[in-house]
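Atoms within each ligand, like the ligands themselves, are counted from 1 in listed order. Sequential numbering from 1 along the given sequence is applied to the chain's residues.
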Amino acid sequence: MTTPTIELKPSASPLSDAERDAILANPGFGRHFTDHMVIIKWTEGRGWHDGQLVPYAPISLDPATMVLHYAQEIFEGLKAYRQPDGSVATFRPDRNALRFQASARRLGMPELPVETFIEACDALVKQDEAWVPAHGGEESLYLRPFMIATEVGLGVKPANEYLFLVIASPAGAYFPGGVKPVSIWVSEDHVRAVPGGMGDAKTGGNYAASLLAQAEAAAEGCAQVCYLDAVERKWVEELGGMNLYFVYGNKIVTPTLTGSILEGVTRDSLLQVARDLGYEAEEGRISVDQWQRDSENGSLTEVFACGTAAVITPVGTVKRTGAQWQQTSGEPGEVTLKLREALLNIQRGTAQDAHGWMHQL
Ligand code: PMP
């Protein structure tokens with residue numbers, strides 16, 4: 001199978017500088033999309049073909065297209081950051097490419113070569129470079145690669161045709177008014193994923209499964225859900241879209257990957273960044289009872305969530321059935337902020353990229 005080259009068919013009518021600047025002044029998250037997208041087709045027997053960069057536009061699907069019925073879909077999320085010299089770099093796109101392959105295997109979909117995934121992201125960012133916010137803040141261009149089953153038919157089976165696409169959306173600072181702790185509802189009724197299920201794949205179904213618990217959290221006055229393991233309903237796994245870290249003084253601990261936790265690129269990067277800063281960093285099992293006990297006795301000094309969107313989010317109030325505690329009293333903890341700054345500085349190009357994580361375009 002040959003690696004497709006992406007044919008460039010740019011838009012004859014991209015947004016004007018003024019229109020784009022108006023969006024970039026207040027982009028929010030996932031609300032606006034750049035002028036172009038990349039599409040690559042896969043057909044059984046032919047492999048990947050017809051890679052194109054085209055104007056951003058709706059795609060037309062037959063009502064019986066398989067993805068609409070059986071959810072054979074996977075996606076990724078990564079960011080491009082403006083560097084101090086004006087160039088643009090993406091953060092660890094190879095890790096996203098590998099996770100995309102792992103998700104594809106789990107859902108019976110074809111694996112896109114790592115170099116094609118990166119080539120597609122690069123082509124879109126290069127074409128729409130003006131959409132990458134200026135250097136300095138926490139703004140970025142969020143890339144959303146995804147793949148859907150496009151065979152038409154209602155039989156339940158792996159499709160024989162797929163579309164891979166990349167779209168891009170400018171993302172404002174997650175905390176425009178300064179980093180603020182988030183409140184967490186620990187769901188003891190709903191689980192996100194089960195052993196042997198799809199929790200470690202980045203597929204839409206996992207997010208659909210999280211919406212009811214998310215509504216429950218909102219009704220409890222909380223912003224995010226923390227999921228426990230599905231078997232004992234005891235061990236802390238992760239949030240709906242972020243991994244968790246527990247800070248015990250100089251040591252940070254993140255739940256061990258069980259197969260039902262998504263292996264975050266940020267989670268992995270922080271194990272390294274923390275060690276670089278002289279902290280101990282490890283994976284381990286933490287029960288919700290231990291979380292509550294160690295917070296109450298003061299040994300658990302900080303808790304934070306991490307992911308591409310917010311990089312690091314401190315945890316404030318934690319609520320579970322019959323109990324509530326304050327992880328931090330209003331202000332984010334010291335370790336949380338140090339790690340956040342250290343990782344952001346690598347991404348913004350203001351700290352040395354000791355591990356070669358930034359992919360220059
Ligand atoms: N867990 C889940 C369920 C997620 O959706 C995400 C976001 N991709 C993460 C963790 C964090 O992963 P990453 O650091 O790669 O964004």
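Nearest protein heavy-atom contact of atom 16 (O) of ligand 1 is Thr308 OG1, 2.6 Å. Atom 12 (O) of ligand 1 has Gly264 CA, 3.3 Å as its closest protein atom, hydrogens excluded (heavy atom only). Among protein heavy atoms, the minimum distance from atom 14 (O) of ligand 1 is reached at Thr266 OG1, 2.5 Å. The single protein non-hydrogen atom nearest to atom 2 (C) of ligand 1 is Glu238 OE1, 3.4 Å, given as residue, atom name and distance. Given atom 8 (N) of ligand 1, the protein heavy atom at minimum distance is Lys202 NZ, 2.8 Å. Atom 6 (C) of ligand 1 has its closest protein heavy atom at Gly241 O, 3.1 Å. Counting only heavy atoms of the protein, atom 5 (O) of ligand 1 lies nearest to Tyr207 OH, 2.5 Å.
A single hydrophobic cluster is seen to contain both Leu300 and Leu239, as judged by linkage of ILVMFWY side chains at heavy-atom distances under 4.5 Å, directly or through other members.
Two rings, from Phe117 and Phe100, have their centers less than 6.0 Å apart. Taking the six-membered ring for Trp and the full ring otherwise, Tyr81 and Phe91 have centroids separated by 6.0 Å or more.
For ligand 1, one of its N or O atoms has an N or O atom of Val265 under 3.5 Å away. Considering both main-chain and side-chain atoms, Arg267 never comes within under 3.5 Å of ligand 1 through any nitrogen or oxygen pair.
Side chain of Ser11 to main chain of Ser13: a donor-acceptor pair is present (N/O by atom type, distance under 3.5 Å, no hydrogens or angles). In this structure, the side chain of Glu302 engages the main chain of Val335 through a donor-acceptor pair within 3.5 Å.
Taking the charged nitrogens against the carboxylate oxygens, Glu188 and Arg233 have no contact shorter than 4.0 Å, which rules out a salt bridge. One finds no salt bridge joining Glu237 and Arg192 here, because no Lys/Arg side-chain nitrogen approaches an Asp/Glu carboxylate oxygen to under 4.0 Å. We find that Glu283 and Arg267 are joined by a salt bridge, their nearest charged nitrogen and carboxylate oxygen being less than 4.0 Å apart. Remark: Arg105 engages Glu111 in a salt bridge, criterion side-chain N to carboxylate O under 4.0 Å.
Of all the atoms in ligand 1, the ones that sit under 4.0 Å from a non-hydrogen atom of Gly307 are 11 (C), 14 (O), 16 (O). Less than 4.0 angstrom separates some heavy atom of Arg192 from each of these atoms of ligand 1: 3 (C).
Contact analysis puts Arg99 in contact with ligand 1, with a non-hydrogen atom separation below 4.0 angstrom. The closest approach between any non-hydrogen atom of Gly199 and ligand 1 is not below 4.0 Å.
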